[in-house]
Amino acid sequence: MLRQGDTGDWIGTFLGHKGAVWGATLNKNATKAATAAADFTAKVWDAVTGDEIITLAHKHIVKSVDFTEDSNNLLTGGQDKLLRIYDLNKPETEPEEISGHTSSIKKALWYNNEKQIISAADDKTVRLWDRASKSEVKTLQFGMSVSSMEYIPDGETLLITYGRTIALYNTTSLELVKSFEAPAPINSASLHPEKECIVAGGDDFKLYKYDYSTGEELESYKGHFGPVHCVRFSPDGELYASGSEDGTLRLWQTAVGKTYGLWKCVLPEELVSENPDAVYSSTPEIKA
């Protein structure tokens, strides 16, 4: 589904997959969408009309899709352990393939101005690849499978979660910058665009917010009734979304007290008369 970012309002549904959808993404200007599914296909869609443009057949479940900046290429990864690069201007031609992972690929992203690719897999590794030579540049080894990976090019940060650990790496050196431990296994985490905080969610149904600098837990709250599988900040950092096994997507305000989207700042009458410029509180969360 495509939904309005600030309100959660439904815009449209992409109909066509015959299996669970494991991954979805929009291109830079939101004119195209790509999806990865358990029906052994990745699909490219017109994000304005909802029409299916291209179906890319794979040999197994597809879990990750990522457009290049110019939307001419699509990177895919999945259960068959291969990274594939499709030329979307010539979808009938065979894709470029990169092999090396020994287990299912969970996430694959364009990296370093698309000169490289970074991928996370169930073989307990995150691997960096050179796009031109298709060779492995560096491997990060973990004691368990990586549950999520977020790449923030402007912030020079790679955010990786595994077990109860939330780890931040320098994008150039891939050296560990800092890591935090959560009280429960974490499935996903996201860094605020201004590096103010990190939000994370996992198996205990809770969302956690951590101070980026100190790692201090700022708050935690339970809104979902099932494990949280994905959290992401909006590009402006005003909201973050959480998706859960309970079948809901929820939108949360980063700083409660602003009029934004469906949130309306309501001031008690007596306080308004005393201080008309003050901002107090608004609804902290919305079901979408």
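Fair warning: this is a prediction, and the values are worked out from it, not measured in the lab.
A heavy-atom distance below 4.5 Å is found between the side chains of Val231 and Leu207. Here the side chains of Leu56 and Leu74 are in contact, with some heavy-atom distance below 4.5 Å. Inter-residue side-chain proximity for Met149 and Leu158 is flagged as met; some heavy-atom pair is nearer than 4.5 Å. Between Leu82 and Ile98, every side-chain heavy-atom pair lies at or beyond the 4.5 Å cut-off. Side-chain contact check for Thr171 versus Tyr111: some heavy-atom pair is nearer than 4.5 Å. Contact annotation: the side chain of Lys258 never approaches that of Trp263 to less than 4.5 Å [non-hydrogen atoms, C-beta and beyond]. Taking the side chain as every heavy atom from C-beta outward, Gln116 and Trp110 never approach each other to under 4.5 Å. Side-chain atoms of Asp130 and Ile117, non-hydrogen and from C-beta on, never get closer than 4.5 Å to each other.
Connection of Leu251 to Tyr260 is established within a shared hydrophobic cluster, with ILVMFWY side chains joined at heavy-atom distances below 4.5 Å, either directly or through further cluster members. Leu83 and Leu128 fall into different hydrophobic clusters, where Ile, Leu, Val, Met, Phe, Trp and Tyr side chains are chained together by heavy-atom contacts under 4.5 Å. Linking ILVMFWY residues whenever their side-chain heavy atoms come closer than 4.5 Å, directly or via other members, places Val126 and Leu176 in the same cluster. Val21 and Val62 sit in two unconnected hydrophobic clusters of ILVMFWY residues. Membership requires side-chain heavy atoms under 4.5 Å apart, directly or through other members. Ile160 is connected to Val137 through a chain of hydrophobic side-chain contacts under 4.5 Å among Ile, Leu, Val, Met, Phe, Trp and Tyr, so both are in one cluster.
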After noting the C-alpha distance and the side-chain angles of Thr125 and Leu140, does the key distance pass the side chain to side chain contact (heavy atoms under 4.5 Å, CB included) rule? CA-CA 5 Å; Thr125 68; Leu140 296 177; over 6 Å; no

Do Arg84 and Glu96 pass the salt bridge (Lys or Arg N to Asp or Glu O under 4.0 Å) test, and can you show the C-alpha distance, the side-chain angles, and the key distance before you say yes or no? CA-CA 6 Å; Arg84 290 182 175 84; Glu96 297 177 65; over 6 Å; no

Under the criterion side chain to side chain contact (heavy atoms under 4.5 Å, CB included), I'd like the reasoning laid out for Tyr169 against Val177: C-alpha separation, chi angles, the key distance, then a yes or no. CA-CA 5 Å; Tyr169 290 80; Val177 177; 5.6 Å; no

Report the C-alpha separation of Thr165 and Glu181 in whole Å, then their side-chain angles, then the decisive distance to 0.1 Å, and conclude whether the side chain to side chain donor-acceptor pair (under 3.5 Å) test is met. CA-CA 5 Å; Thr165 304; Glu181 289 293 313; 2.6 Å; yes

Before you tell me yes or no, could you show the steps for Asn170 and Thr157 under side chain to side chain contact (heavy atoms under 4.5 Å, CB included), namely the whole-Å CA-CA distance, both residues' side-chain angles and the distance that decides it to 0.1 Å? CA-CA 5 Å; Asn170 177 276; Thr157 303; over 6 Å; no

Checking salt bridge (Lys or Arg N to Asp or Glu O under 4.0 Å) for the pair Lys138/Glu175: CA distance, chi angles, key distance, verdict? CA-CA 11 Å; Lys138 189 163 185 174; Glu175 295 294 327; 3.6 Å; yes

Test side chain to side chain donor-acceptor pair (under 3.5 Å) on Gln79 and Ser104; report intermediate values, then the result. CA-CA 4 Å; Gln79 207 87 357; Ser104 174; 3.2 Å; yes

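Between the Thr35 side chain and the Ala24 main chain, no donor and acceptor come within less than 3.5 Å of each other. Here the side chain of Arg164 pairs a donor or acceptor atom with the backbone of Ala182 at under 3.5 angstrom. In this structure, the side chain of Ser119 does not engage the main chain of Ala108 through any donor-acceptor pair within 3.5 Å. Using modelled atom types, one side-chain atom of Ser244 and one backbone atom of Gly226 make a donor-acceptor pair closer than 3.5 Å. A donor-acceptor pair under 3.5 Å is absent between the side-chain atoms of Ser179 and the main chain of Ala167, judged by distance alone. Side-chain atoms of Asp66 never come within 3.5 Å of backbone atoms of Leu109 as a donor-acceptor pair (strictly under, hydrogens ignored). Listed for the Lys106 side chain is a donor-acceptor partner under 3.5 Å among the backbone atoms of Val146. Between the Asn73 side chain and the Ile85 main chain, no donor and acceptor come within less than 3.5 Å of each other. Put simply, the side chain of Asp70 gets close to the backbone of Asn72: a donor and an acceptor are under 3.5 Å apart. Using a distance-only test at 3.5 Å, with no hydrogens or angles considered, a donor-acceptor pair links the side chain of Ser234 to the main chain of Leu239.
Checking Glu114 against Thr68 by side-chain atom types alone, no donor-acceptor pair falls below 3.5 Å. With 3.5 Å as the limit, one finds a donor-acceptor pair spanning the side chains of Ser190 and Glu150. A donor-acceptor contact closer than 3.5 angstrom is absent between the side chains of Ser188 and His229. Judged by distance alone, the side chains of His224 and Ser242 do bring a donor and an acceptor atom under 3.5 Å apart. In the model, Asn187 has a side-chain atom that pairs as donor or acceptor with a side-chain atom of Asp203 under 3.5 Å. Looking at Ser71 and Asn27, their side chains do bring a donor and an acceptor atom within 3.5 Å of each other. In the model, Ser148 has a side-chain atom that pairs as donor or acceptor with a side-chain atom of Thr161 under 3.5 Å.
To the nearest 0.5 Å, the span separating CG on Leu168 from CZ on Phe180 amounts to 5.5 Å. The line from CG of Leu15 to OG1 of Thr13 is 6.0 Å long, rounded to the nearest 0.5 Å. How far OG1 of Thr76 is from NE2 of His58: 3.0 Å, rounded to the nearest 0.5 Å. One finds the OH atom of Tyr208 at 15.0 Å from the CD1 atom of Ile198 (value rounded to the nearest 0.5 Å). Note that CD of Gln253 is 10.5 Å distant from CG of Leu262, once rounded to the nearest 0.5 Å. Here the CZ-CD distance, from Phe233 to Glu194, works out to 11.0 Å after rounding to the nearest 0.5 Å.
Taking the six-membered ring where the residue is Trp, the centroids of His192 and Tyr210 are separated by 6.0 Å or more. Annotation: Phe205 is not in aromatic contact with Phe225 [ring centroid separation under 6.0 Å not met]. Checked against a 6.0 Å centroid threshold, the rings of Trp22 and His17 do not count as neighbours. Centroid-to-centroid, the aromatic rings of Phe40 and His60 come within less than 6.0 Å.
Annotation: salt bridge (charged side-chain N to carboxylate O under 4.0 Å, His left out) contacts of Glu52 (sequence neighbours excluded): Lys43.
The number of heavy atoms from other shown groups lying within 6.0 Å of NZ (Lys195) is above 12. Counting heavy atoms of neighbouring residues, nucleotides and ligands inside a 6.0 Å radius, atom CD of Glu94 does not exceed 12 of them.
Ala241 and Leu249 make their closest contact through CB-CD1, 3.9 Å (heavy atoms, listed as atom of the first residue, atom of the second, distance). Closest of all the heavy-atom pairs between Val65 and Ala34 is CG2-O, 3.6 Å.
Partner of Phe67 under the side-chain contact (heavy atoms from CB on, under 4.5 Å) criterion, chosen from Leu26, Leu75, Val44: Val44.
A cation-pi geometry, defined here as NZ or CZ lying under 6.0 Å from the six-membered ring centre and within 45° of its normal, holds between Lys178 and Tyr212.
Between Lys209 and Glu217 there is no salt bridge, since none of the side-chain N atoms of the basic residue sits less than 4.0 Å from a carboxylate O of the acidic one.
The aromatic rings of Phe142 and Tyr162 lie tilted to each other, with the angle between the two planes from 30° to 60°.
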